[in-house]
Amino acid sequence: MLNTTPAIILSTLNAKYIHASLGLRYLLANMARHGGEDLRRRTVLREFTIARPTAEIVAALLAELGDTPDEGRQIIGFGVYIWNVTATTEVVRQLKLLRPNLKIVLGGPEVSHEWETQEIVRLADHLITGWGDVSFPKLCRALLHGPKPLMKVISGEQAGLEEINLPYAEYSASDLAHRLLYVEASRGCPFKCEFCLSALDKTAWAFELEQFLAALEGLYQRGARNLKFVDRTFNLKIDSSLRILQFFLDRLTPDLFLHFEVIPDHLPDRLKAMIARFPPGVLQFEVGIQTFSPEVQQRISRRQDNAKTCANIDWLVHHSHAHLHTDLIFGLPGEMLAGFAAGFDRLYALQPHEIQLGVLKRLRGTPLARHSVEFGMVYASQPPYTIEQTGAVDAADVQRFTRLARYWDLLANSGRFKQTLPMLLAGPSPFAAFLALSDWLWENTGKTSGLTPENLLDGLFAYLSGVIGLDSESVRQVLLTDYLTSGARANPASLEGYLKGRDKPVSRHERALTQRQGRHVSVSG
Ligand code: B12
Ligand code: SF4
């Protein structure tokens with residue numbers, strides 16, 4: 001009789017349900033090619049979220065493996081990332097206690113560097129560092145059919161991309177209906193920004209374009225309309241970027257939504273012309289700026305032409321319908337609060353749709369560590385290894401900034417207070433103005449989470465009219481407009497008696513944009 005109990009489970013704990021693991025789907029898609037048809041038939045994919053209790057995950061995995069364990073001949077491979085390493089360590093510990101002979105194999109960026117001191121690596125049987133597409137199937141074959149692997153830690157084979165099967169058929173109908181679909185036209189990055197894991201890549205490698213487009217066509221035919229490209233730099237090879245964009249231009253639908261990460265200083269005219277052809281609501285660009293300080297850029301080996309960056313953002317804002325998410329990082333070596341503020345103000349003046357404020361993290365393996373002593377960098381010892389203080393910013397200011405970033409998400413990136421914000425941020429330094437509000441909100445609410453849109457609205461009203469001294473009637477009117485546009489339906493105290501007209505229709509386009517922004521804030525890390 002055919003044994004239908006899985007021999008291999010591919011598993012990971014995603015940040016949220018909406019994120020589907022692309023890495024594991026690559027491993028699954030390559031089981032037959034690099035491990036054998038028999039292995040593929042006995043491999044299943046089981047994803048969880050980090051919110052799920054350890055005991056439930058362990059029980060689900062063990063149930064999958066059956067009541068009569070095939071001792072020593074069953075494998076669970078875990079994808080380990082910065083967001084799940086703590087929880088996955090407990091899952092692995094529990095599994096090893098209950099089934100000591102179950103083989104645990106680890107892989108993923110969080111265990112690919114500086115693994116020697118990691119508890120999860122100590123608990124596991126094997127670790128494959130780097131790419132797993134070819135090495136995982138090979139290791140499974142060796143574990144199940146011999147010869148037994150000699151090494152615990154295996155350096156993942158970086159095969160040519162033509163030797164790697166594309167994973168997109170592994171997205172299920174339910175993935176297509178309910179989750180963000182990650183796709184990858186290229187791997188790696190030629191740049192060397194020291195805070196980033198991709199700085200370790202030698203270059204960027206592109207998947208064969210025709211094959212990739214055929215895979216996209218397959219996904220599209222199955223109904224995929226919400227795709228997130230994980231390419232580190234989508235606009236590296238302009239010919240490929242153009243082909244991919246043209247592919248979607250030929251297949252525009254009202255629900256199409258595409259996310260790309262782009263470098264800001266490389267937007268040749270032919271790419272601009274293509275971008276300009278997309279209607280609103282389709283393109284979203286994540287544009288890493290990180291810092292505008294040439295000195296800090298040089299210190300962290302980030303090559304960026306600031307003048308071109310600004311000109312391109314300005315062009316995108318005014319001549320395209322792309323939704324722009326721009327990123328800044330706080331706490332880079334040697335950057336003071338005032339320097340960050342200047343960068344923020346420069347970026348804010350360009351009016352991108354969102355400014356994402358990140359706090360520096362020291363990712364395992366990144367070259368950033370070389371600055372630790374000279375620049376007084378102190379990072380948290382636990383994931384995600386966030387900066388706690390630097391020689392240029394003390395611990396209190398890091399905390400202060402962290403609160404500001406949270407309030408910025410709630411008030412600005414949420415898109416809920418579009419009319420009110422310019423009122424608040426008017427003046428010589430928008431950053432200074434927002435910092436003052438942030439300090440006030442913290443003093444008066446004592447929290448950065450659990451604040452409802454109504455709490456925020458009442459807070460803004462009290463601050464703008466009571467603290468800044470703006471005319472309360474004008475403040476109320478802009479808050480009212482924002483509140484109605486957002487579609488919220490409760491009763492903030494400061495709008496008491498003003499919401500009678502709440503059923504007046506709001507432009508569908510306005511509301512859709514606000515909701516899309518709100519959705520982004522809730523799915524991003
Ligand atoms: C999608 C994504 C997310 C999603 C999460 C997705 C999910 N599944 O839940 C979101 C948006 C939530 C996210 C958030 C963050 N992310 Co992120 N994210 C990515 C991104 C863009 C794509 C991942 C991907 O699919 N890659 C493509 C696949 C093919 O590669 P892969 O996953 O590495 O898989 C390969 C190998 O690792 C290996 N492998 C994977 N699993 C397994 C399992 C086994 C058994 C084996 C043997 C091998 C193996 O084989 C695969 C194929 O070769 C990467 C950048 C990138 N392009 O990789 C960053 C990245 C993973 N993120 C990173 C970081 C730092 C973060 C944040 C901390 C950023 C922040 N906000 O400051 C947050 C953390 C959030 C939190 N809650 O703590 C770092 C990872 C560092 C780390 N050590 O894990 C990356 C690499 C970016 C970078 N360049 O620095 N992220
Ligand atoms: S930050 Fe972006 S450009 Fe810099 S190394 Fe990482 S992926 Fe490449």
Side-chain angles (χ1 to χ4, degrees), residues 8-30 47 49-50 75-86 88 104-114 124 126-140 154 156-159 164 167 179-180 182-184 186-201 204 228-233 236 259 261-264 286-290 300-304 327 329 356-367 383-386 405 520 523-525:
I8 303 162
I9 302 181
L10 280 167
S11 188
T12 197
L13 280 59
N14 294 312
K16 288 184 182 159
Y17 170 74
I18 194 161
H19 305 289
S21 166
L22 179 60
L24 289 191
R25 284 170 176 75
Y26 266 107
L27 268 50
L28 189 59
N30 285 281
E47 295 174 277
T49 64
I50 46 175
I75 301 165
I76 305 186
F78 284 104
V80 188
Y81 296 82
I82 198 165
W83 55 83
N84 70 20
V85 60
T86 308
T88 313
I104 302 287
V105 179
L106 307 177
E110 182 63 6
V111 283
S112 288
H113 311 274
E114 302 175 30
H126 290 282
L127 161 65
I128 295 174
T129 61
W131 296 12
D133 322 74
V134 172
S135 298
F136 182 73
K138 283 188 179 168
L139 174 64
C140 289
I154 296 156
E157 203 175 307
Q158 204 161 310
I164 296 178
R179 306 172 82 184
L180 272 176
Y182 290 106
V183 296
E184 187 191 42
S186 67
R187 258 189 208 178
C189 179
F191 302 108
K192 296 278 165 272
C193 316
E194 293 183 27
F195 55 81
C196 175
L197 255 189
S198 303
L200 303 177
D201 298 332
K228 187 163 176 179
F229 280 70
V230 298
D231 301 47
R232 304 319 333 245
T233 312
L236 202 58
H259 174 106
E261 299 203 11
V262 297
I263 41 168
E286 179 119 13
V287 191
I289 310 293
Q290 320 311 2
I300 58 164
S301 316
R302 184 174 169 87
R303 281 199 280 137
Q304 182 173 293
D327 298 338
I329 298 181
Q356 297 184 347
L357 299 173
V359 180
L360 183 67
K361 298 172 178 66
R362 192 194 81 75
L363 306 182
R364 287 174 183 273
T366 52
Y385 319 112
T386 308
H520 172 79
V523 300
S524 63

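Starting from 1, each residue takes its place in the sequence as its number. Whatever order the structure lists them in is the order used to number ligands and atoms, beginning at 1.
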What atoms of ligand 2 come within less than 4.0 Å of a heavy atom belonging to Arg302? 1 (S), 4 (Fe)
How would you list, by chain and number, every residue that makes a side chain to side chain contact (heavy atoms under 4.5 Å, CB included) with Asn84, sequence neighbours excluded? Thr12, Leu13, Ile50, Val80, Tyr81, Thr88
After noting the C-alpha distance and the side-chain angles of Leu197 and His113, does the key distance pass the side-chain contact (heavy atoms from CB on, under 4.5 Å) rule? CA-CA 10 Å; Leu197 255 189; His113 311 274; 3.7 Å; yes
With a 4.0 Å cut-off on heavy atoms, does Pro167 reach ligand 1? no
Work out whether the distance between some heavy atom of Arg364 and some atom of ligand 1 is less than 4.0 Å. no
Heavy atoms only: which of Trp83, Phe78, Tyr385 is nearest to atom 45 (C) of ligand 1? Phe78
What do the steps show when you test Arg187 against Asp133 for salt bridge (Lys or Arg N to Asp or Glu O under 4.0 Å), and what is the final call? CA-CA 13 Å; Arg187 258 189 208 178; Asp133 322 74; 3.0 Å; yes
So, regarding Tyr26 and ligand 1 (criterion: nitrogen or oxygen to nitrogen or oxygen, under 3.5 Å), is there a contact or not? no
Are Ser198 and ligand 1 in contact, using a heavy-atom cut-off of under 4.0 Å? yes
Taking distance alone, with no angle check, do Leu27 and ligand 1 share an N/O pair under 3.5 Å? no
Taking N or O atoms only and a 3.5 Å limit, does Glu261 qualify as a polar contact for ligand 1? no
For atom 8 (Fe) of ligand 2, which protein N/O/S atoms fall under 2.8 Å? Skip waters. Cys189 SG
Is there at least one pair of N or O atoms, one from Ile128 and one from ligand 1, spaced under 3.5 Å apart? no
Can you tell which of Arg232, His259, Lys361 gets a heavy atom nearest to atom 87 (C) of ligand 1? Arg232
Residue-ligand contact His113/ligand 1, heavy atom below 4.0 Å: no
By side chain to side chain contact (heavy atoms under 4.5 Å, CB included), which residues pair with Ala199, not counting sequence neighbours? Pro367
Does Leu27 have any side chain to side chain contact (heavy atoms under 4.5 Å, CB included) partners at least two apart in sequence or in another chain, and if so, which? Leu10, Leu24, Phe136
Taking both backbone and side-chain atoms of Val230, is any N or O found less than 3.5 Å from an N or O belonging to ligand 1? yes
